[in-house]
2 protein chains.
Amino acid sequence: MTDFNPLALENQLCFPLYAASKEITRRYKPFLDPLGLTYTQYVAMMVLWEQDGITVGELGSKLYLDSATLTPLLKRLEAHGFVRRERSHEDERAVIVTLTDEGRALRERALEVPYCMAGCLEISPEDATELKMLLEKLLRSIA
Amino acid sequence: MTDFNPLALENQLCFPLYAASKEITRRYKPFLDPLGLTYTQYVAMMVLWEQDGITVGELGSKLYLDSATLTPLLKRLEAHGFVRRERSHEDERAVIVTLTDEGRALRERALEVPYCMAGCLEISPEDATELKMLLEKLLRSIA
DNA sequence: CGCAATACAATCGCGCGCGATTAACTAGCG
DNA sequence: CGCTAGTTAATCGCGCGCGATTGTATTGCG
């Protein structure tokens, strides 16, 4: 029997996950730079394009991020004129995030990003579907 | 035909990749904290446990990290007494990273980490193998 | 009603992650 | 041999990512 090294990088599941995530985020950069968005800001905007006027907490639960990350990020998006941040009148603890006209308009320019990325990632549709399914399964089991 | 929204979070491949990577790194924390390592420091140590005395550049190519990340990280590992950083005599541009006795000894304590994580991730061996294979395939195609 | 428990966002501190630049060194070509 | 082009780490600046704490608002229980 060959000796198995549990601390070898090749025997890790999590390392390729970590490395692939970083590399892909880097691949997004040239497509997102012209929009003035980072990757995290981009996914935050995706949530808002689907569901405008949600709270910081709701946004965070969809993105797996907390207010320590989101508050400064949303302030930057606000400074860029893409969103507004306002205390809820019903519940003064909550902060509602709303798209501005400029933020809504940005969606049109962002529409091509997924297609640019699809052309950039050399992965078959079958592998992509399988990978997405496995990642979501993993995510459900731990998050 | 149903209308497909390319900017919906559920239609992204990269988002579950990004989210799962973050969540898993977080799961490592309680196991790595007692060793005094972050996740990135842990994978750097894994490389050194396999191949001691490599340069910053070689380490970076294995971890997909550059010197801007590694230099301060290695300084912290040096401050903790796990590694030494010395200019190569053959090539004064290169910096050789070497394990200290303490750094080598840490491997024994780290050996249980992969087993703790395996017990913590609810994923079947078949899914894990398939996921790892797909991630490495993706990584090879883009990095 | 009053007060303790809970919920929510903001803040703080530290460690990445990386594009861009800088500085030191080496290689290689004429 | 000298000079330029290339290589290697280090540094800088900014934006996350998150555990921990803080302050305010709400809820719920007696």
Side-chain angles (χ1 to χ4, degrees), chain A residues 15 18-45 54-61 63-80 83 85-97 143, chain B residues 15 18-33 35-45 54-61 63-80 83-97 143:
Chain A
F15 177 70
Y18 158 82
S21 175
K22 276 190 303 137
E23 290 303 314
I24 289 202
T25 302
R26 187 177 355 218
R27 289 305 182 100
Y28 268 99
K29 195 174 184 334
F31 303 122
L32 294 178
D33 273 348
L35 306 183
L37 294 176
T38 64
Y39 179 74
T40 311
Q41 290 168 5
Y42 169 66
V43 291
M45 291 299 286
I54 60 175
T55 67
V56 173
E58 286 165 342
L59 188 56
S61 75
L63 299 176
Y64 304 88
L65 292 171
D66 68 1
S67 67
T69 299
L70 284 177
T71 297
L73 182 146
L74 291 169
K75 283 183 179 176
R76 280 186 284 271
L77 285 178
E78 189 175 41
H80 278 72
V83 305
R85 296 162 58 248
E86 294 158 319
R87 286 273 159 196
S88 164
H89 296 304
E90 291 79 43
D91 185 342
E92 287 286 339
R93 291 170 302 184
V95 167
I96 309 287
V97 185
Chain B
F15 176 71
Y18 158 83
S21 175
K22 275 190 304 135
E23 290 304 314
I24 289 204
T25 301
R26 188 177 354 219
R27 288 305 182 101
Y28 269 99
K29 195 175 184 336
F31 303 122
L32 294 179
D33 273 349
L35 305 184
L37 294 176
T38 65
Y39 179 75
T40 311
Q41 290 168 5
Y42 169 67
V43 292
M45 290 299 287
I54 60 176
T55 67
V56 173
E58 286 165 341
L59 189 56
S61 75
L63 299 177
Y64 304 89
L65 292 171
D66 68 1
S67 66
T69 299
L70 284 177
T71 296
L73 181 146
L74 290 169
K75 283 182 178 176
R76 281 185 284 271
L77 286 178
E78 190 175 40
H80 278 72
V83 305
R84 271 186 301 274
R85 295 163 59 248
E86 296 159 317
R87 287 275 160 193
S88 163
H89 297 306
E90 291 78 44
D91 185 343
E92 286 286 337
R93 289 170 302 185
V95 167
I96 308 288
V97 185

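Just so we're on the same page: letters track the sequence lines, and every chain starts at 1.
One can place CG of Leu73(A) at 12 Å from P of dA10(C), the figure rounded to the nearest angstrom. Put simply, CZ on Arg85(B) is 13 Å from C1' on dT8(D), counting in whole angstrom units. If you take OH of Tyr39(B) and C1' of dC18(D), they are 17 Å apart, rounded to a whole angstrom. Look at CG on Leu74(A): it is 13 Å from P on dG17(D), rounded to the nearest Å.
By the side chain to side chain donor-acceptor pair (under 3.5 Å) test, Glu23(A) pairs with Arg26(A), sequence neighbours left out.
Leu65(B) comes within 4.0 angstrom of the backbone, heavy atoms only, and of no base. Thr25(B) comes within contact range of no nucleotide atom at all, as no heavy-atom separation falls under 4.0 Å.
Within the 4.0 Å cut-off from OP1 or OP2 of dG17(D), at least one side-chain nitrogen or oxygen of Thr40(A) is found. Distances shorter than 4.0 Å separate some side-chain N or O of Tyr18(A) from OP1 or OP2 on dG17(C). Residue Thr55(B) places at least one side-chain N or O closer than 4.0 Å to OP1 or OP2 of dA9(D). Checking the phosphate oxygens (OP1, OP2) of dC16(C), no side-chain nitrogen or oxygen of Lys75(B) falls inside 4.0 Å.
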Going by atom type alone, with no hydrogens or angles, which donor-acceptor pairs under 3.5 Å involve a side-chain atom of residues 87-94 of chain A and a protein atom two or more places apart or on another chain?
from	atom 1	to	atom 2	distance (Å)
Arg87(A)	NH1	Glu92(A)	O	3.1
Arg87(A)	NH1	Arg93(A)	O	2.7
Ser88(A)	OG	Glu90(A)	N	3.2
Ser88(A)	OG	Glu90(A)	OE1	3.3
Ser88(A)	OG	Asp91(A)	N	3.1
Asp91(A)	OD1	Arg93(A)	N	2.9
Asp91(A)	OD1	Arg93(A)	NE	3.0
Asp91(A)	OD2	Arg93(A)	NE	3.4
Asp91(A)	OD2	Arg93(A)	NH2	2.8

Residues 65-72 of chain A side chain polar contacts: donor-acceptor under 3.5 Å, at least two apart:
from	atom 1	to	atom 2	distance (Å)
Asp66(A)	OD1	Ala68(A)	N	3.2
Asp66(A)	OD1	Thr69(A)	N	3.3
Thr71(A)	OG1	Ser67(A)	O	3.0

Atom pairs and distances, donor-acceptor, side-chain atoms in residues 28-37 of chain A, under 3.5 Å, two or more places apart:
from	atom 1	to	atom 2	distance (Å)
Lys29(A)	NZ	Asp33(A)	OD1	3.1
Lys29(A)	NZ	Asp33(A)	OD2	2.9

- Task: Let me have a per-nucleotide readout for nucleotides 19-28 of chain D, 5' to 3', with B, S or -, counting only protein heavy atoms under 4.0 Å.
- Result: B-----BS--
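For Thr71(A), whose side chain is taken as the heavy atoms from C-beta onward, the closest listed nucleotide among dA10(C), dG15(C), dC8(C) is dA10(C). Comparing atom distances between the Arg76(A) side chain and each of dA9(C), dA9(D), dG15(D) picks out dG15(D) as nearest.
The side-chain heavy atoms of Phe15(A) and Tyr42(B), taken from C-beta on, include no pair separated by under 4.5 Å.
Residues in residues 69-80 of chain B take part in these salt bridge (Lys or Arg N to Asp or Glu O under 4.0 Å) pairs, two or more places apart or across chains: Glu78(B)-Arg85(B).
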